[in-house]
Amino acid sequence: MAAWRNRMWANAVLLFSWVVLCSSVCVEVPSGTEAVKGDNMTLLCISCMKREEVSATTTVRWFYQRDDGQEVLIYEYDGRPQEPKSPLQGRLQWTGSKDLQDVSITILNVTTNDSGVFTCKVNRTLDFKAHRHLIQSNISISLKVTEEAGEDFTSVLSEIMMYILLAFLTFWLLVEIVYCYRKISKAEEVTPESVTDYLAIPLENKENCSVPVEE
Ligand SMILES: *[C@@H]1O[C@H](CO)[C@@H](O)[C@H](O)[C@H]1NC(C)=O
Ligand SMILES: *[C@@H]1O[C@H](CO)[C@@H](O)[C@H](O)[C@H]1NC(C)=O
Ligand SMILES: *[C@@H]1O[C@H](CO)[C@@H](O)[C@H](O)[C@H]1NC(C)=O
Ligand SMILES: *[C@@H]1O[C@H](CO)[C@@H](O)[C@H](O)[C@H]1NC(C)=O
Ligand SMILES: *[C@@H]1O[C@H](CO)[C@@H](O)[C@H](O)[C@H]1NC(C)=O
């Protein structure tokens, strides 16, 4: 179930990102929350800028909260990426954008231990002539990592449908080949020899059979 939904999510997110990239419009897409052990999981955090924020300075902090409730700083982007010592050290990758509207990170090779709440905190400082203005946003993602890709009814059903379709197509192709082969053989019996044999096959046959004739 997780894998299926995750793939759907990944596709949806990809499509969204593509649309966003193409139109260069920022859309605050929520992150996926389910991953399968061993996958790379992108924790999506998008904090769109408004027009007046274009000349802002952005800093990002990612926190991880274990079951005991304590928040641990796992990643910091303050002009450049920094990875403090944490249980996730070495497995984090910056996947945000240059303009820092997308401040996502990716956890490589997730373990079931990585389940928990991840929070991305964004500070955006606007420098106006007279004063500075700080905008904060916190986005929390409740990540659930499962041991195995569970099979969901929909995915099982679509798999079965795929096999039935494949079997049917194979069968149909075989029937078609045999039918065409017979037709060609018959036509050859009527006018044997000579290279012009093939040309002698009634037009109807040639149209129906695109299978090349070989001796
Ligand atoms: C995860 O990302 C790493 C580095 O980008 C890559 O080498 C690896 O193949 C990825 N693994 C999966 C399961 O996608
Ligand atoms: C954002 O600003 C607040 C207040 O100045 C500070 O406590 C916090 O650490 C800052 N967060 C980031 C991500 O820089
Ligand atoms: C992923 O993590 C597991 C356990 O932490 C480790 O055994 C495995 O080698 C890792 N896989 C990759 C591709 O790094
Ligand atoms: C999972 O977390 C526990 C407790 O924090 C730790 O002792 C253990 O080594 C962790 N396992 C992995 C594979 O990271
Ligand atoms: C984000 O979290 C910080 C504490 O880490 C808090 O001071 C701040 O008010 C929060 N901001 C929002 C918008 O919830």
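- To the nearest 0.5 Å, the span separating CG on D99 from SG on C26 amounts to 7.5 Å.
- Residues forming a salt bridge (charged side-chain N to carboxylate O under 4.0 Å, His left out) with E76 (at least two apart in sequence, or on another chain): R61.
- Contacts classified as side-chain hydrogen bond (donor to acceptor under 3.5 Å, both in side chains) and involving residues 125-135 (residues at least two apart or in different chains) are given here: D127-R132.
- Summarising the hydrophobic clusters (Ile, Leu, Val, Met, Phe, Trp, Tyr; side-chain heavy atoms under 4.5 Å, direct or chained), the residues clustered with V117 are none.
- Through ILVMFWY side-chain contacts below 4.5 Å, L134 is grouped with nothing and stands alone.
- The two residues W62 and C45 come nearest to each other via the heavy atoms CZ2-CB, 3.5 Å.
- Here the CE-CG distance, from M49 to L126, works out to 9.0 Å after rounding to the nearest 0.5 Å.
- Distance check, rounded to the nearest 0.5 Å: CD of Q65 to OG1 of T119 gives 6.5 Å.
- Annotation: side-chain contact (heavy atoms from CB on, under 4.5 Å) contacts of S115 (sequence neighbours excluded): V145.
- By the ring pair (Phe, Tyr, Trp, His ring centres under 6.0 Å) test, Y75 is found to be paired with no residue, residues two or more places apart in sequence or in another chain being considered.
- Closest heavy-atom contact between N40 and L108: OD1-CA, 3.3 Å.
- When the side chains of ILVMFWY residues are joined at heavy-atom separations under 4.5 Å, either directly or via intervening members, V60 and I135 end up in two distinct hydrophobic clusters.
- Pairs engaging residues 31-50 under the ring-ring contact (aromatic ring centres under 6.0 Å, His included) rule: none recorded [sequence neighbours left out].
- Interatomic distance, S97 OG to D102 CG, rounded to the nearest 0.5 Å: 4.5 Å.
- Note: I107 CD1 to Y64 OH = 8.5 Å, rounded to the nearest 0.5 Å.
- Minimum interatomic distance between N138 and K121 (heavy atoms only, all atoms of both residues): OD1-CG, 3.4 Å.
- Contact record, T112 with E147: CG2-OE1, 3.5 Å, taken as the closest heavy-atom pair.
- No donor-acceptor pair closer than 3.5 Å links the side chain of D39 to the backbone N or O of M41.
- Side-chain contact annotation: T42 with T106, donor-acceptor N/O pair under 3.5 Å present.
- Residues F63 and V72 form no side-chain contact, since every pair of their non-hydrogen atoms from C-beta on lies 4.5 Å or further apart.
- Taking each heavy atom of E28 and I46 in turn, the nearest pair found is CG-O, 3.5 Å.
- L43 and L100 end up in the same hydrophobic cluster when Ile, Leu, Val, Met, Phe, Trp and Tyr side chains are linked at under 4.5 Å.
- Every salt bridge (charged side-chain N to carboxylate O under 4.0 Å, His left out) that D114 has, sequence neighbours left out, goes to R91.
- Partners of K50 by salt bridge (charged side-chain N to carboxylate O under 4.0 Å, His left out), not counting sequence neighbours, listed by chain and number: E53.
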Ignoring hydrogens and angles, write down the donor-acceptor pairs under 3.5 Å from the side chains of residues 161-174, residues two or more places apart or on other chains.
from, atom 1, to, atom 2, distance (Å)
T170, OG1, L166, O, 2.7

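- Inter-residue side-chain proximity for I105 and I74 is flagged as met; some heavy-atom pair is nearer than 4.5 Å.
- Counting only residues at least two apart or in different chains, ring-ring contact (aromatic ring centres under 6.0 Å, His included) contacts with residues 30-52 are absent.
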Please tabulate, one pair per line, all N/O donor-acceptor pairs under 3.5 Å involving side-chain atoms of residues 77-88, not counting sequence neighbours.
from, atom 1, to, atom 2, distance (Å)
E83, OE2, G90, N, 2.6
S86, OG, L88, N, 3.1
S86, OG, Q89, N, 3.4

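- For the residue pair S142 and T33, the shortest heavy atom distance occurs at O-CB, 3.2 Å.
- A donor-acceptor pair under 3.5 Å links the side-chain atoms of T95 to the main chain of S104, judged by distance alone.
- At a threshold of 4.5 Å between non-hydrogen side-chain atoms, the residues V103 and V122 count as touching.
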